[in-house]
Amino acid sequence: MYPSRARHNAHVQVLPLVVVGELNADIVVSLDGPPTFGQDEQIVRSTEVVLGSSSAITACGAAKMDVPTSLVSVVGDDLLGRFLLQRLTAAAVDASPCRVEPQTPTGTSTILALANGERSILTAMGTIGLVTVADVPDALITPGAHVHVGSYFLQDGLRDDLGAFFADCRARGLTTSLDPNDDPHREWDSGLADVLPHTDVFFCNVDEALAIAGSDEVAAAEDWFAMRMHAGAELVVKHGADGAAVALIGDRAVAVRHNVAPSPSQDPLVDTVGAGDSLAAGYLAARLRGSAPERCLRVGVANGTASTRAVGGTAGQLSWEEAESVTSNPA
């Protein structure tokens with residue numbers, strides 16, 4: 001555990017981050033073309049086992065940017081579970097709130113990744129949906145801290161209580177954020193309407209925004225969220241290779257919108273696994289230093305872009321000093 005729940009970095013106080021969500025291993029298979037089925041054996045470019053999951057990738061990205069970060073999650077009592085806890089500790093994430101569930105295997109996602117960034121994700125749930133609000137130590141719920149939840153649609157043990165939990169956090173002086181990620185059931189609801197009014201920052205990609213809002217236009221989707229989020233909330237919509245936008249919510253309408261494109265890079269694309277989660281990490285790391293939303297988005301886009309230059313979601317993430325350098329000198 002961190003002896004202090006906030007850090008001072010270059011005379012700037014960095015408030016703590018508590019991430020609540022799933023923790024799984026990613027088995028990343030890098031392909032030159034789509035797989036075939038039958039009895040054919042295919043040679044692939046590489047296969048790597050790395051720390052995965054939206055929640056853990058976001059936690060690691062924030063910790064690398066010197067944010068005091070804790071992860072509340074569940075793993076199995078197995079080789080992959082021990083591997084993940086070791087990787088979190090090595091990444092300076094406080095993994096002590098993670099619970100070990102002896103009767104359930106650690107969740108895994110097998111990711112078939114093409115060179116152009118397209119991918120298919122095959123997930124075995126295992127422990128992925130087992131974390132609950134009761135797993136969150138009360139000692140972490142301190143005024144000024146920020147609570148982030150990833151992969152909302154996978155959080156079977158968390159969803160029913162999340163709206164009340166976020167409301168309680170905000171009443172106790174914390175801020176909140178949520179990243180839904182994909183919904184494998186294609187329902188795009190699961191009680192989300194009960195959580196949005198208590199969410200300070202909502203992250204989603206374009207497809208998720210359109211599906212949740214039941215719209216075919218981004219502007220209409222933003223309006224849908226604005227009707228459900230509180231004044232002062234921030235809606236971050238990730239546009240992949242085109243960067244991202246943040247819509248600042250006013251009185252049931254979008255008040256201001258900022259768009260940020262990624263800076264040109266000579267480094268080749270390796271894979272896009274965890275890029276959106278790294279964007280969220282950068283955004284929150286800047287926000288917990290008191291930065292304005294547009295600045296937060298610039299840091300987020302820089303970190304998301306950097307993460308695509310290495311295999312897996314965490315290997316390419318930036319330090320705070322690197323992020324400052326990239327965003328201060330975008331060319």
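Within the 4.5 Å cutoff, no side-chain heavy atoms of Ile249 are placed close to those of His230. Side-chain contact check for Asn303 versus Glu322: every heavy-atom pair is 4.5 Å or farther apart. Within the 4.5 Å cutoff, the side chain of Val136 has heavy atoms near those of the Ile141 side chain. With contacts defined as side-chain heavy-atom distances shorter than 4.5 Å, the pair Trp188/Glu208 qualifies. Using a 4.5 Å cut-off on side-chain heavy atoms (C-beta onward), Asn181 and Tyr152 make no contact.
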What donor-acceptor contacts under 3.5 angstrom involve side-chain atoms of residues 31-41, with partners at least two apart or in another chain?
| unit_1 | atom_1 | unit_2 | atom_2 | d |
| --- | --- | --- | --- | --- |
| Asp32 | OD1 | Arg45 | NE | 2.8 |
| Thr36 | OG1 | Gln42 | OE1 | 3.2 |

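Using modelled atom types, one finds no donor on one side chain facing an acceptor on the other under 3.5 Å when comparing His146 with Asp200. Side-chain atoms of Thr123 and Ser109 form a donor-acceptor pair, as typed in the model, at a separation below 3.5 Å. Residues Thr272 and Arg119 bring a donor and an acceptor atom of their side chains to less than 3.5 Å of each other.
Ionic pairing of Asp78 and Arg82 is not present here: no N-O contact between side-chain nitrogen and carboxylate oxygen is shorter than 4.0 angstrom.
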message: Would Val301 and Leu279 count as a side-chain contact (heavy atoms from CB on, under 4.5 Å) here? Give the steps.
response: CA-CA 5 Å; Val301 168; Leu279 184 152; 4.0 Å; yes

field: Trace of the salt bridge (charged side-chain N to carboxylate O under 4.0 Å, His left out) decision for Asp138 with Arg172
entry: CA-CA 11 Å; Asp138 193 63; Arg172 294 169 65 176; 2.9 Å; yes

- request: Applying salt bridge (charged side-chain N to carboxylate O under 4.0 Å, His left out), run through Asp242 and Lys238 and close with a yes or a no.
  value: CA-CA 8 Å; Asp242 294 325; Lys238 298 171 278 191; over 6 Å; no

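Remark: Arg99 engages Glu101, Asp135 in a salt bridge (charged side-chain N to carboxylate O under 4.0 Å, His left out) (not counting sequence neighbours).
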